[in-house]
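In each ligand, atom 1 is the first atom listed, and ligand 1 is the first ligand listed.
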Amino acid sequence: MTRTVLVTGGAGFIGSHACVALAAAGYEPLILDNFCNSDVRVIERLSEIIGKAPAFVEGDVRDKVLLHKVFREHEIDAVIHFAGLKAVGDSVAHPLHYYDTNVSGTVVLAAEMQRAGVKTLVFSSSATVYGEPECSPIPEGADCRPESPYGRSKHMVEQMLTDLHRSQPDWNVIVLRYFNPVGAHESGLIGEQPRGKPNNLMPYLCQVATGERQSLQVHGSDYATPDGTGVRDYVHVMDLAEGHVAAVKHAGGRPGLLTLNLGTGQGYSVMDVINEFERATGQPIARQLGPRRPGDVAAYWGDPARAHKLLGWKARRGLAEMCADSWRWQRRNPAGYASRLGVEVAHSGIELAQEL
Ligand code: NAD
Ligand code: WQD
């Protein structure tokens, strides 16, 4: 029998890719999203990739009445909870909105899961809960010292889920701490659609490549890193998506609480990413060395060994594929889901430079 997975935030960047991976593994994704940071047209794109339209409910994860109805009307086996707000700077300006969506939203969801007897939950946390790490690679046991309301909201949910599991040990909770998700599905049909000027490196690079932005500001070139620029653990969004499928499979019927890093375990500098992007896509990237960005850490990357050991999951896609797939999505959809310049058959990212 097909198992149904409720995917809150399933229209978003990571959630939409997780729906593809779930469907490929034989699960039935049921999306719940209020589209506050996504586009309803993602549903059509998902239909093209999956071969049939995924079920979806438009609504807010904080809406108790709606959630009660969703759990009553669908046989849900597990929940993956992506719905949330994620912009660090925005969270400093609007902390209550962040705590309400991220923390209260999870309280409502978990309470309705409990009422419906659904006890398998995979939660989207973030490496941002570690704050400035003492060392890299960061193990899951490292101290958590989140530095923004966003990071604290994720850490609060982690603590709340720990208390929930302590009181109800028959729950299966898997907390996934993602490092820096980038890339897109190889079809070029779904990807990340930032609103306004991107904060993150990869979408900014893509917009420089299309000519929409003049040049990339490298935020700091005097860090104590091999080339002076910031180092991060970039992970392909399809690898992350497959990590969620592995988590759902692992959680099935096995009560417990697990906290796992999802990253590659490899750090790349801003210059590494620019160079690889140019190589993989054939696009020259104009850049300027600028000052450090306030709040940035010099370098961190995760230790993904526990996820490998317990879930059998390992990131398989390298930086070249992350760049090529991000670029394919951007090039085919210069205005995100509002535009589309043609459908492209899946390619290995490495071939893209020649293809262009
Ligand atoms: P995203 O904004 O693309 O996706 C989040 C989705 O949740 C969106 O479709 C949005 O419309 C929906 N949503 C937001 N509030 C909602 C609400 N109250 N009710 C229903 N739907 C709501 O973000 P993403 O990059 O796909 O991130 C998914 C999750 O992963 C988030 O919880 C985020 O904090 C976490 N995360 C993201 C990153 C990253 O860099 N992208 C890193 C670590 C963790
Ligand atoms: C990466 C590197 C920048 C833009 C953020 C959140 C984190 C998590 C993932 C949700 C850094 C440099 C960037 C630019 C640059 N999200 N950079 N020029 O800051 O590591 O993590 O996204 O949980 O919480 O903080 O990602 O992509 O912004 O930056 O030089 O225009 O690229 O300084 O070294 P970050 P990022």
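Taking 4.0 Å as the cut-off between side-chain N and carboxylate O, Glu48 and Arg45 do not count as a salt-bridged pair. Of the charged side-chain nitrogens involved, none lies within less than 4.0 Å of a carboxylate oxygen, so that Arg317 and Glu186 do not count as a salt-bridged pair.
Between Val231 and ligand 2, no pair of N/O atoms sits closer than 3.5 Å. The shortest N/O to N/O separation between Phe82 and ligand 1 falls below 3.5 Å. Considering both main-chain and side-chain atoms, Tyr204 never comes within under 3.5 Å of ligand 2 through any nitrogen or oxygen pair. Any N or O atom pair closer than 3.5 Å counts here, and Lys86 shares no such pair with ligand 2. For Ala83, no nitrogen or oxygen atom sits less than 3.5 Å from a nitrogen or oxygen atom of ligand 1, counting backbone and side chain alike. No N or O atom of Phe179 sits closer than 3.5 Å to an N or O atom of ligand 1. Checked by distance only, ligand 1 and Gly12 come closer than 3.5 Å through their nitrogen or oxygen atoms.
Asp239 contributes no side-chain N or O that, together with a main-chain N or O of Ala315, makes up a donor-acceptor pair within less than 3.5 Å. The backbone N or O of Phe179 sits nowhere less than 3.5 Å from a side-chain atom of Trp301 that would complete a donor-acceptor pair. Side-chain N or O atoms of Arg287 include none that pairs as donor or acceptor with a backbone N or O of Leu205 at under 3.5 Å. Side-chain atoms of Glu132 never come within 3.5 Å of backbone atoms of Val297 as a donor-acceptor pair (strictly under, hydrogens ignored). A donor-acceptor contact shorter than 3.5 Å is absent between the side chain of Asn261 and the backbone of Gly263. Remark: side-chain polar atoms of Asn200 are not paired, donor with acceptor, to backbone N or O of Met202 under 3.5 angstrom. Judged purely by atom type and a 3.5 angstrom limit, Arg306 has no side-chain atom pairing as donor or acceptor with the backbone of Pro139. In this structure, the side chain of Lys154 engages the main chain of Ser124 through a donor-acceptor pair within 3.5 Å.
Nearest to atom 2 (O) of ligand 1 by heavy-atom distance, out of Asn37, Asn34, Val88, Asn102, is Asn37. The residue among Tyr178, Phe13, Tyr150 with a heavy atom at the shortest distance from atom 33 (C) of ligand 1 is Tyr150. Here the shortest heavy-atom distance to atom 32 (O) of ligand 1, taken over Lys154, Gln193, Lys86, belongs to Lys154. Among Arg232, Gln217, Lys154, the residue whose heavy atom lies closest to atom 20 (O) of ligand 2 is Arg232.
More than 12 heavy-atom neighbours from other residues, nucleotides or ligands sit within 6.0 angstrom of CD on Gln159. Within 6.0 Å of CD in Gln214 there are 12 or fewer heavy atoms belonging to other residues, nucleotides or ligands.
Listed by atom number, the atoms of ligand 2 under 4.0 Å from Val218 heavy atoms are 30 (O). The contact set between ligand 1 and Phe35, taken as ligand atoms under 4.0 Å from a residue heavy atom, comprises 11 (O). Those atoms of ligand 1 with a heavy atom of Ala11 less than 4.0 angstrom away are 9 (O). Near Arg62, the atoms of ligand 1 lying under 4.0 angstrom from a non-hydrogen atom of the residue are 18 (N). Applying the 4.0 Å criterion to heavy atoms of Gly59 picks out, from ligand 1, the atoms 19 (N), 20 (C). Residue contact check: Ser126 has heavy atoms under 4.0 Å from atoms 43 (C), 44 (C) of ligand 1. Atoms of ligand 2 found under 4.0 Å from any heavy atom of Leu216 (numbered from 1 in listed order, with element): 31 (O).
Heavy atoms from both the backbone and the side chain of Asn200 come within less than 4.0 Å of ligand 2. With a 4.0 Å cut-off on non-hydrogen atoms, Arg292 does not touch ligand 2 at all. Heavy atoms of Asn180 found under 4.0 angstrom from ligand 2 belong exclusively to the side chain. No part of Glu192 comes within 4.0 Å of ligand 1, judged by heavy-atom distances. At a heavy-atom cutoff of 4.0 Å, ligand 1 is contacted by the backbone of Ser125 but not by its side chain. Looking at His219 against ligand 2, both its backbone and its side chain come within 4.0 Å, counting heavy atoms. Under 4.0 angstrom from ligand 1, the non-hydrogen atoms of Thr101 all belong to its side chain. When heavy-atom distances to ligand 2 are checked against a 4.0 Å cut-off, Val273 has no atom that comes that close, whether in backbone or side chain.
Proximity of Tyr27 to Asp77: side-chain heavy atoms (C-beta onward) are nowhere separated by under 4.5 Å.
Across all non-hydrogen atoms, the minimal contact from Phe13 to Ser16 is O-OG, 3.1 Å. Here the shortest heavy-atom pairing between Leu258 and Leu310 reads CD2-CD1, 3.5 Å. The shortest heavy-atom contact between Ser104 and Arg62 is C-CG, 4.5 Å.
Classification of the Trp327-Phe277 ring pair by plane angle, with boundaries at 30° and 60°, yields perpendicular. Ring planes of His81 and Phe123: tilted class, angle from 30 to 60°.
Of all protein heavy atoms, the one lying nearest to atom 27 (O) of ligand 2 is Leu201 N, 2.8 Å. Of the protein's heavy atoms, Asn199 O, 3.4 Å lies nearest to atom 4 (C) of ligand 2. Of the protein's non-hydrogen atoms, the one nearest atom 12 (C) of ligand 2 is Val270 CG2, 3.6 Å. Scanning all protein heavy atoms for the shortest distance to atom 33 (O) of ligand 2 gives Asp296 OD2, 2.5 Å. Taking atom 25 (O) of ligand 2 as the reference point, the nearest protein heavy-atom neighbour is Val88 CG2, 3.5 Å. Scanning the protein for heavy atoms near atom 27 (O) of ligand 1, the closest one is Ile14 CD1, 3.8 Å. Among protein heavy atoms, the minimum distance from atom 12 (C) of ligand 1 is reached at Asp33 OD1, 3.3 Å. At the shortest separation from atom 5 (C) of ligand 1 among protein heavy atoms lies Gly84 O, 3.9 Å. When hydrogens are left out, the protein atom nearest atom 38 (C) of ligand 1 is Pro181 CG, 3.9 Å; that is the closest non-hydrogen contact. For atom 19 (O) of ligand 2, the closest non-hydrogen atom of the protein is Arg293 NH2, 2.8 Å. Annotation: atom 8 (C) of ligand 2 to nearest protein heavy atom, Ser126 OG, 4.2 Å.
Tyr150 counts as a contact of ligand 2, since one of its heavy atoms falls under 4.0 Å from the ligand. Under the 4.0 angstrom criterion for non-hydrogen atoms, Tyr234 is in contact with ligand 2. Ligand 2 has Tyr300 within reach: a non-hydrogen atom of the residue lies less than 4.0 Å from it.
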Discussion item. Assess the residue pair His17 and Phe82 against the criterion (ring pair (Phe, Tyr, Trp, His ring centres under 6.0 Å)); give the C-alpha distance rounded to whole Å, side-chain angles, the decisive distance to 0.1 Å, and a yes or no.
Written reply: CA-CA 11 Å; His17 290 80; Phe82 291 105; over 10 Å; no
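Using modelled atom types and a 3.5 Å distance limit, the side chains of Asp325 and His236 yield a donor-acceptor pair. A donor-acceptor contact under 3.5 angstrom links the side chains of Thr264 and Asp233, judged on distance only.
Through side-chain heavy atoms spaced under 4.5 Å, either directly or across other Ile, Leu, Val, Met, Phe, Trp or Tyr residues, Tyr150 is tied to Leu85, Val88, Tyr98.
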